[in-house]
Amino acid sequence: MSRQAILASLAAAVLLLTAAPAEAWTTAYGHTNARDRVLRQGCHNYRYHYVVDAPTHDWTLETFLVDRTGERVSSNVLSSDSEPNRGFSRFGLCRWNTVPGRFTIRAKLVWYRHSSGVLGSSSTRHTAWFKPSHFWMRRPS
């Protein structure tokens, strides 16, 4: 087996181990997206779009930006307490330590269903992973 084939097999194995199972991804509760970009000199915030369609009004959305090597390079937390159900947020990146290429936004939605009963109130936590979205970041020509 060639060295290139071995490296490709290892990369695929790492990707499988770090990714959520495909059947766990959903678009039923929202999505993310971002347009392709050029990495600018220095450190900047790069905008992405999110939509949350949670069954309740009590939710948090964690977003993770993953570079082409599989490394998490930025993250964010959005909350129904301070953000609308749809809008824009930003990932911070510095060109000097960012590997250009294809980036993936992974997003985990957590929502809570509250109920009151004779014995008091309780909350049930629910979790869903959005289908990952992708965009490209390249160095200037």
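Pro84 is listed as a side-chain neighbour of Tyr50, based on a closest heavy-atom distance under 4.5 Å. Using a 4.5 Å cut-off on side-chain heavy atoms (C-beta onward), Val73 and Leu93 make contact. Between Pro132 and Trp25 there is a side-chain heavy-atom pair separated by less than 4.5 Å. Contact annotation: the side chain of Pro55 approaches that of Tyr29 to within less than 4.5 Å [non-hydrogen atoms, C-beta and beyond].
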Exercise for review: Run the numbers on Arg113 and His126 for side chain to side chain contact (heavy atoms under 4.5 Å, CB included), then give the verdict.
Suggested key: CA-CA 8 Å; Arg113 189 170 306 278; His126 303 272; 4.1 Å; yes

**Study point:** ring-ring contact (aromatic ring centres under 6.0 Å, His included) between Tyr46 and Phe91, worked out
**Key:** CA-CA 5 Å; Tyr46 296 90; Phe91 288 118; 9.7 Å; no

Exercise for review: Please step through ring-ring contact (aromatic ring centres under 6.0 Å, His included) for the pair His49 and Phe88, ending with a clear verdict.
Suggested key: CA-CA 4 Å; His49 184 251; Phe88 293 93; 5.0 Å; yes

Practice item. In sequence, state the C-alpha distance, the side-chain angles, and the governing distance for Arg90 and His44, and then conclude on side chain to side chain contact (heavy atoms under 4.5 Å, CB included). Key: CA-CA 9 Å; Arg90 299 176 188 284; His44 298 278; over 6 Å; no

Practice item. Evaluate the criterion side chain to side chain contact (heavy atoms under 4.5 Å, CB included) for residue pair Leu109 and Val52; output intermediate values, then yes/no. Key: CA-CA 8 Å; Leu109 177 66; Val52 174; 3.7 Å; yes

Practice item. Show your reasoning for whether side-chain hydrogen bond (donor to acceptor under 3.5 Å, both in side chains) applies to Ser80 and His57. Key: CA-CA 7 Å; Ser80 60; His57 297 292; over 6 Å; no

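We find the CZ-OG1 distance between Arg106 and Thr32 to be 10.5 Å, quoted to the nearest 0.5 Å. Expressed to the nearest 0.5 Å, how far OH of Tyr112 lies from OG1 of Thr56 amounts to 10.0 Å. Summarising the geometry, atom CZ belonging to Arg102 is positioned 5.5 Å from atom OG1 belonging to Thr104; distances are rounded to the nearest 0.5 Å. Interatomic distance, CG of Leu78 versus CD of Glu83, reported as 5.0 Å (0.5 Å rounding). In this structure, Met137 CE and Leu65 CG are separated by 8.0 Å, a value rounded to the nearest 0.5 Å. The OG1 atom of Thr26 lies 10.0 Å from the CG atom of Asp53; values are rounded to the nearest 0.5 Å.
Trp129 and Lys108 get closest at one heavy-atom pair: CZ2-CD, 3.5 Å. Residues Phe103 and Thr98 approach most closely at CZ-CG2, 3.6 Å, considering heavy atoms. Scanning both residues, Arg40 and Asn45, for their nearest heavy atoms gives NH2-O, 4.1 Å. Considering all non-hydrogen atoms of both residues, Arg68 and Pro100 come closest at NE-O, 2.6 Å. Between Phe130 and Val51, the closest heavy-atom pair is CE1-O, 3.6 Å. Heavy-atom minimum distance, Ala128 versus Trp111: CB-CZ3, 3.9 Å.
Applying the disulfide (SG to SG under 2.5 Å) test to residues at least two apart or on different chains, the pairs with a partner in residues 44-97 are Cys43-Cys94.
Checked by atom type and distance alone, the side chain of Asp36 pairs as donor or acceptor with a backbone atom of Trp136 at under 3.5 Å. In this structure, Asn33 contributes its side chain and Tyr48 its backbone to no donor-acceptor pair below 3.5 Å. At least one donor-acceptor pair closer than 3.5 Å links the side chain of Arg37 to the backbone N or O of Arg47.
Counting heavy atoms of neighbouring residues, nucleotides and ligands inside a 6.0 Å radius, atom CZ of Arg86 does not exceed 12 of them.
Cluster membership for Phe135 and Leu39, using ILVMFWY side-chain heavy atoms within less than 4.5 angstrom, is shared.
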